Amino acid sequence: MGKSGEKEAPPTEPPVPRDGGGAGDGGGDEAEDERSFEEIGLDPRLVRALSKKGVEKPTPIQQVAIPLILEGKDVVARAKTGSGKTFAYLLPLLQKLFSSSGSKSKVAPSAIVLVPTRELSQQVRTEVLSLIELCRVQLKAVELTGGADMGAALAGSPDILVSTPGCIRKCLSSGVLQPASLSDSLEILVLDEADLLLSYGYEEDLRALKAHIPRRCQCLLMSATSSADVEKLKKQILHNPFILTLPEVGDVKDDIIPKNVQQFWISCAEHDKLLHILALLKLELVQKKVLIFMNTIDMGFRLKLFLEKFGIRSAVLNAELPQNSRLHMLEEFNAGLFDYLIATDDSEIKEKAKANDENQGQRKKSRKHAKAKLDSEFGVVRGIDFKNVHTVINFEMPPSVAGYIHRIGRTGRAYNTGSAVSLVSPKEMDILEEIKSFLGEDENKESNLVPFPLLTKNAVESLRYRAEDVAKSVTKVAIRESRAQDLRNEILNSEKLKAHFEANPRDLDLLKHDKVLSKKPPASHLRDVPDYLLDPKTQEASKMVKLARAAMGKCNPANKQVTKRKSRKSRDPLKTFTVEAPKRAQGGGNKVNQRDGDHNRKSKKRKSVD
Ligand SMILES: Nc1ncnc2c1ncn2[C@@H]1O[C@H](COP(=O)(O)OP(=O)(O)OP(=O)(O)O)[C@@H](O)[C@H]1O
């Protein structure tokens, strides 16, 4: 493990969930199998803080990772997107610092969390700050962003540093962070979204940092996928770690398909996509909040302007915007200040689409390709925890299966459920077929990706005239002007945001990003859909969606999930994964049966945590 005094110790028994007596598939009472945060050894202050956040019970990756980390083990956690990896490392990290804080005067941080992007760095720091505040403990966490103020950020000796490897290296080489002090103080290093760290070009930076990581430092590596990059990092930085992983390495599908997401598609002509999305949103046939994916920024603004005319406000999140604006937009959306976010990642997607077209034949042959591509796609949204997104809409299909999986993984996170609706034009049928085949559809098997049942032809046609009329008014010039105007606004705002947030880090409601860009307000006949336009089936569907929303507001998402999870017990990757004990301890990196805790006897055996 790299921690002095532990090297020769016998392997610590991994945490053993209470045995419900079943074999792990079907039948047994799940409640009995699940351990609470208290039972896995979490500090009561953290348990109370989580409860205030509505988090009542640990996800499976947390059940296993937290006790191991508390014991000081190096851990590699590979769990699918949305499975709760952030708390899996953050909670024990904080708990360890609770007891060590104030023990000696340090000039460098005790814990460093490395992430690949600034968005993620801010997301993690916000989570840390909120836990510290709720626990009422004296810990200081800062985010290093690489600007001229790095020295100021490090003044006052923060306990926790969240940053990218590039920034840390800059600090070390400029002397803002003294290498010797770091070696002296560092107790925990986390590599979050590790699968992206190398693909984002941080290899050199990590190598530079490695020289200053003391041997006793506990290292944790979190990743949504297993890849050659993750393996490389594991070998470079960690020491004989416990490996917590999802079912069957190589079983690509089980590994990455979000199981809490119902998947639908709607067939429509390319030129009817605006009409269809209008029907979905205006007739309230999908649950809010909604994240809409496009392949180009222009198309994103086209949709924004189009929806505005019908009184539907949205914001366009894209790589072109200044970073402060992007971060603030994400915060506002997460805080529920607006319901519709359009996300684009155009240049990257275009390039990949081109490459994909060229490789299409090859791609069909290899499903593994999809998994490999997960690592490099969707930089703007990858790893971002969009809170409470109930629906993901693919206005345009992504160029690859991997892109699709990433997009739909923005909903149905942790114990929540969600839906994904894809608008598919004839020329996108190929990718739809590819996705279906990846999901495992064949003649004998029920499909996971089915036609959307709530949108009738009548409902669509009732809006056609208005939609086509408005769509014509959203010209290329209007799009270009709006896009430029939005960018100008955001650049101006970005400076204000920076200054303001330095002074008021918790203030969200400063500048709205879903502001109307068109010069005229929406006409009232477009804003309100008269009842006579709606057929009874659509009215019924809309009512159902509203009722479901009301019900969701009332019930605890964690409780709600219990029923659902029972029926999926054997397949749910949130519930089933393996633990591989350190090689020395286990005699060769064997997987551990967690259910009966008998990891010495039953090596190399898959287990069910529940
Ligand atoms: N035990 C829990 N109960 C309920 N919600 C939880 C729990 N743990 C985490 N969450 C919530 O689930 C969401 C997803 O968690 P998180 O971002 O940690 O997932 P992740 O595994 O890191 O995903 P990704 O790989 O996409 O970054 C977050 O909003 C988080 O607050």
Side-chain angles (χ1 to χ4, degrees), residues 34-40 42 46-47 49-66 77-93 113 115-117 119-124 126-128 130-131 134 190-197 220-227 230 244-246 255-256 258-261 289 291 330-331 333-336 374-375 377-390 392 405-418 555-562 565 573-575 577 609:
E34 284 165 355
R35 301 199 308 162
S36 64
F37 280 117
E38 287 93 342
E39 285 169 320
I40 57 173
L42 207 62
L46 284 165
V47 178
L50 288 170
S51 179
K52 284 187 194 145
K53 288 170 161 284
V55 174
E56 301 295 346
K57 59 177 182 178
T59 62
I61 190 73
Q62 292 162 359
Q63 290 201 30
V64 183
I66 289 173
R78 290 191 294 233
K80 76 177 193 63
T81 176
S83 55
K85 293 187 289 297
T86 313
F87 282 157
Y89 71 78
L90 222 43
L91 297 171
L93 178 151
V113 179
V115 291
T117 65
E119 272 89 350
L120 283 167
S121 152
Q122 201 216 26
Q123 185 174 294
V124 171
T126 306
E127 201 64 87
V128 176
S130 125
L131 286 168
L134 288 168
V190 183
L191 307 173
D192 195 5
E193 300 285 345
D195 43 349
L196 288 190
L197 286 173
L220 312 172
L221 184 152
M222 306 284 141
S223 160
T225 58
S226 49
S227 64
V230 173
L244 316 182
T245 195
L246 285 162
D255 207 354
I256 62 176
K259 292 290 188 289
N260 294 352
V261 183
K289 294 186 299 195
L291 182 58
L330 278 171
E331 284 202 357
F333 184 64
N334 280 346
L374 278 174
D375 299 344
E377 239 173 320
F378 303 107
V380 172
V381 296
R382 173 65 207 274
I384 294 294
D385 184 28
F386 293 98
K387 301 265 184 212
N388 302 324
V389 169
H390 285 293
V392 167
I405 299 293
H406 261 313
R407 287 180 177 189
I408 70 169
R410 299 306 102 199
T411 181
R413 293 170 74 75
Y415 287 126
N416 292 314
T417 53
C555 63
N556 175 346
N559 295 341
K560 188 178 62 184
Q561 192 63 20
V562 170
R565 291 164 75 224
L574 275 177
K575 296 173 55 54
F577 56 89
V609 165

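All of these numbers come straight from a predicted model, not from anything done at the bench. Each ligand, and each atom within it, is numbered from 1 in the order the structure gives. All residue numbers refer to positions in the sequence shown, counting from 1.
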Fill in: Per-atom contacts of ligand 1 with Glu193, taking only distances under 4.0 Å to non-hydrogen atoms
24 (P), 25 (O), 27 (O)

Worksheet item: By side chain to side chain contact (heavy atoms under 4.5 Å, CB included), which residues pair with Ser36, not counting sequence neighbours?
Response: Glu38, Glu39

Worksheet item: Which value, rounded to the nearest 0.5 Å, describes the distance between Leu197 atom CG and Met222 atom CE?
Response: 12.0 Å

Item to complete: Compare all side-chain heavy atoms of Lys53 with those of Leu131 and state whether any distance is below 4.5 angstrom.
Response: yes

Worksheet entry | For Lys57, atoms of ligand 1 separated by under 4.0 Å from a heavy atom | 1 (N), 2 (C), 3 (N)

Worksheet entry | Contact partition for Lys387 relative to ligand 1, non-hydrogen atoms under 4.0 Å | side chain

Fill in: Salt-bridge contact Lys85-Glu127 (side-chain N to carboxylate O under 4.0 Å)
no

Discussion item. Within this structure, what is the OG1-CD1 distance for the pair Thr59 and Ile66, rounded to the nearest 0.5 Å?
Written reply: 7.5 Å

Practice prompt. With heavy atoms of Thr86 as the reference, note each atom of ligand 1 found under 4.0 Å away.
Written response: 16 (P), 17 (O), 18 (O), 22 (O)

Practice prompt. Measure the distances from the heavy atoms of Glu56 to every atom of ligand 1 and state whether one is below 4.0 angstrom.
Written response: no

Worksheet item: Do the side chains of Ile61 and Leu244 get nearer than 4.5 Å, heavy atoms only?
Response: yes

Worksheet item: Going by heavy atoms, is Arg410 under 4.0 Å from ligand 1?
Response: yes

Practice prompt. Please say whether Ser83 places an N or O atom under 3.5 Å from an N or O atom belonging to ligand 1.
Written response: yes

Discussion item. Suppose I only count heavy atoms of Val55 and a 4.0 Å limit; which atoms of ligand 1 are within that range?
Written reply: 1 (N), 2 (C), 3 (N), 7 (C)

